[in-house]
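Keep in mind the model is a prediction, meaning the values are calculated, not measured. Letters A, B, ... mirror the listed sequences (proteins, then strands); counts begin at 1. Computed from heavy atoms alone, side chains included, the values below leave out hydrogens, waters and symmetry copies.
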2 protein chains.
Amino acid sequence: MELDARKEKILKAIIQTYLETGEPVGSRTISKYSDLKLSSATIRNEMSDLEEMGYIIQPHTSAGRIPSDKGYRFYVDQIIREKENQVNEMQEIMIQRVDRVELLLKHMAQLLATNTNYATMISGPTSNLTKLKFIQLSKVEEKKLLIVVVVEGNIIRNSFVNLEEDVTHEDVLNLNILLNNSLNGLTIQEINLGMISKLKEQAGIHKQVIELVLNEVSEAIQAQDADLQIYTSGATNIFKYPELSDTQKASQLLNTLEHKELLKGLFDDKQLPAVSDPQIQVYIGDETPIQSMKDCSVVTANYVLGDGLRGTIGIIGPKRMDYEKVVSTLRTLVSQLNDTFNQ
Amino acid sequence: MELDARKEKILKAIIQTYLETGEPVGSRTISKYSDLKLSSATIRNEMSDLEEMGYIIQPHTSAGRIPSDKGYRFYVDQIIREKENQVNEMQEIMIQRVDRVELLLKHMAQLLATNTNYATMISGPTSNLTKLKFIQLSKVEEKKLLIVVVVEGNIIRNSFVNLEEDVTHEDVLNLNILLNNSLNGLTIQEINLGMISKLKEQAGIHKQVIELVLNEVSEAIQAQDADLQIYTSGATNIFKYPELSDTQKASQLLNTLEHKELLKGLFDDKQLPAVSDPQIQVYIGDETPIQSMKDCSVVTANYVLGDGLRGTIGIIGPKRMDYEKVVSTLRTLVSQLNDTFNQ
DNA sequence: TATTAGCACTCTTTTCAGTGGAGTGCTAAC
DNA sequence: GTTAGCACTCCACTGAAAAGAGTGCTAATA
């Protein structure tokens, strides 16, 4: 059987109605509200076909129909294709230039959540290719150095290191100059063993200090990768959707959102059901790599700050989420982010 | 009527049983399991008295009894008085000396949550009296300074400031010396207008820079106070208690825990139902200053790091929480914190 | 031939009465 | 003062019946 124009129209009407109400849609509803001018009986026949083709499901014999995952997928692909060539009108979400990326991301997660009424998550930028911009050692106390590392994108990392022997302020000054001259502009991968031993030589008596410092530096940078920062917001929005609010489902979902390490699965796989635009992915129901979200849909988008800084924004909502709005909001947001940081 | 010894014993037995089961407690249960050797009929008479006195409640005519808020309060006061003079055996929770207080607090919230199976929150230390320990300006780019402020307790704040005119590296060096010499060891209140204008004089051409920098410094410090950092953890633990799991209650509670600004109410009021130990407060049901927690109990404890750094730890659970464990855990934790930082 | 009206049928949801169980309060006996 | 016994109350659960929503099928219609 083929999905002709009329079937498509009916399918879209069913899905749209369901997105609004969250209730199974009957044939009469469609015949009344869609502009097809067909009787409920005709719609019934078509619905029967659509069900056979797998686009819609009957929860039970005498209920209306709801979209299946396949139905949602049809709808989403459709939407995205239609939107693709349109110019997105500016959203209210404005990005202010902020010097600290973490704050920006946290703030953005909140904005997105209140704007969309879904749960949101943003993974902090990973720094595999990130260039070191600036290192500053300061002697704060006897035998205690403060290390401040600034990487591309103006992300700041601090840590303290306790030394075994004290150093003078002059030593620290020289070390700063040495480190900045040798390391600035390099990525973490480029700081290899050869370079390190050369540094140790140049540092003279402070070999040990150099070692400790470099450890901290690399840890500070890699910390980002290891315990990948993930910010979530609007988790309780899920209670706005009855189909997700029952205690068990809500509990599982919220648990995943609270223990952010459980979300990692979403940010690794990049070979999943892709949509024409490589930036944006839509996972419907079982397509999601995370078990506790199998009753939800998840939309993710990748963003890029500067050269090597990439991250992912995700929105989690009911399967009947407003895909159109979500996709276009994400698209706008990501392109704004890219613009802001690549200007 | 008076609460004699036997009534007390029965009341305690009722509450303890209810804490375990979460179900209304009948007279027969008490007569069987408590060591009172009384028949259910006698217990019934006493229970009737206890109800009249307001310590227990009957959900409906033919149900057992559950504790009223007044009953819980009796129980809690009792527990705390008993525990008061005991030496608390060491808990498994160990505090590792960590250089960054924020991380420590976050980590502690998590530990507490998994340990107790309740929701936890910790307010970051407020810094009214905090002394400045160290300031470091660094030129990161043309016309852009990185300011790192370390205050007592080794809390680090960073921010960037954009200058209108560029400064040389030497200038920055001198500024650093000037600022550290003048400001270190002072509290934010002590950095007053007189001091500021004196600094401006000494700085010579860099008046404007000084102004910008001082603004950032004071903002960096006060930021802590303004958007008081609050860390929460274990929010989804509430689903472990059926009486809190129904959609509406859970939704409200989780919402409060997510929008942490709603929690502030808990950290201001210090004149509420106090318990003998000034450090620890127990709010039962309606005693809580936060509406969405009126079906819960909240236990808070204050901690002190160094001179002026104070904060609050809170535990949120069902009214039938294990007060004994919670109070003693909190007491141990707080005293460990105090010891660690005051040594 | 495609569409539509009509009707029997199915399944869920709601309502309601009936039943069993848990626990009480009261009275009388110990 | 304590306890045994019993009538009573109320909730939780069950199953039956009624109401409602929506379908599938058939026969009539344009």
- Is the closest side-chain heavy-atom distance between B:Glu23 and B:Tyr18 below 4.5 Å? no
- Message: Going by the rule ring pair (Phe, Tyr, Trp, His ring centres under 6.0 Å), which residues pair with B:Tyr241 if we only count those two or more places apart in sequence or in a different chain?
- Response: B:Tyr118
- What residues 63-70 of chain A contributes to the DNA chain D interface at heavy-atom separation below 4.0 Å is A:Ala63, A:Gly64, A:Arg65
- Inspect the surroundings of CD in B:Gln248 and state if more than 12 heavy atoms from other residues, nucleotides or ligands are less than 6.0 Å away. no
- Item | NZ/NE/NH1/NH2 to OD/OE distance under 4.0 Å, A:Glu287 and A:Lys294 | no
- Query: Does a donor on one side chain sit under 3.5 Å from an acceptor on the other, for B:Tyr323 and B:Ser297?
  - Reply: yes
- Please identify each residue that fulfils side-chain hydrogen bond (donor to acceptor under 3.5 Å, both in side chains) with B:Ser39, with sequence neighbours left out. B:Thr42
- Report yes if a side-chain nitrogen or oxygen of B:Thr61 is closer than 4.0 Å to either non-bridging phosphate oxygen (OP1 or OP2) of D:dC8; otherwise report no. no
- Task: Could you tell me whether the side chain of B:Met53 reaches within less than 4.5 Å of the side chain of B:Leu11, counting heavy atoms only?
- Result: no
- By side-chain contact (heavy atoms from CB on, under 4.5 Å), A:Glu51 pairs with (sequence neighbours left out) A:Ile56, A:Gln58, A:Arg65
- Message: Any residue in residues 38-51 of chain A with a heavy atom nearer than 4.0 angstrom to DNA chain C? Just list them by number, or reply none.
- Response: A:Leu38, A:Ser39, A:Ala41, A:Thr42, A:Arg44, A:Asn45
- Task: Looking only at non-hydrogen atoms, find the nearest pair between A:Ser27 and A:Ser40 and report the distance.
- Result: CB-O, 3.6 Å
Would you tabulate the pairs of protein nitrogen or oxygen atoms and nucleotide nitrogen or oxygen atoms of nucleotides 28-30 of chain C closer than 3.5 angstrom?
none

- Note on the structure: Taking for A:Pro59 and for B:Val25 the nucleotide of DNA chain C with the nearest heavy atom, the one nearer the 5' end belongs to A:Pro59
- Item | Partners passing side-chain contact (heavy atoms from CB on, under 4.5 Å) against B:Ser292 (at least two apart in sequence or in another chain) | B:Gln252, B:Thr256, B:Ile290
- A:Glu258 side-chain N/O to B:Ala235 backbone N/O, donor-acceptor pair under 3.5 Å: yes
Atom pairs, N/O to N/O, protein against nucleotides 15-21 of chain C, distance under 3.5 Å?
none

Short heteroatom pairs, N/O only, protein and nucleotides 12-19 of chain D, under 3.5 Å:
none

- Note on the structure: Sequence neighbours excluded, the answer for side-chain hydrogen bond (donor to acceptor under 3.5 Å, both in side chains) partners of B:Lys9 is none
- Task: Please list, chain by chain and in numerical order, all residues satisfying side-chain contact (heavy atoms from CB on, under 4.5 Å) with A:Thr61, sequence neighbours excluded.
- Result: none
- Quick note, salt bridge (charged side-chain N to carboxylate O under 4.0 Å, His left out) partners involving residues 34-46 of chain B, not counting sequence neighbours, are B:Arg6-B:Glu46, B:Lys7-B:Glu46
- Item | Side-chain H-bond candidate by donor/acceptor type, B:Tyr283 with B:Gln281, under 3.5 Å | yes
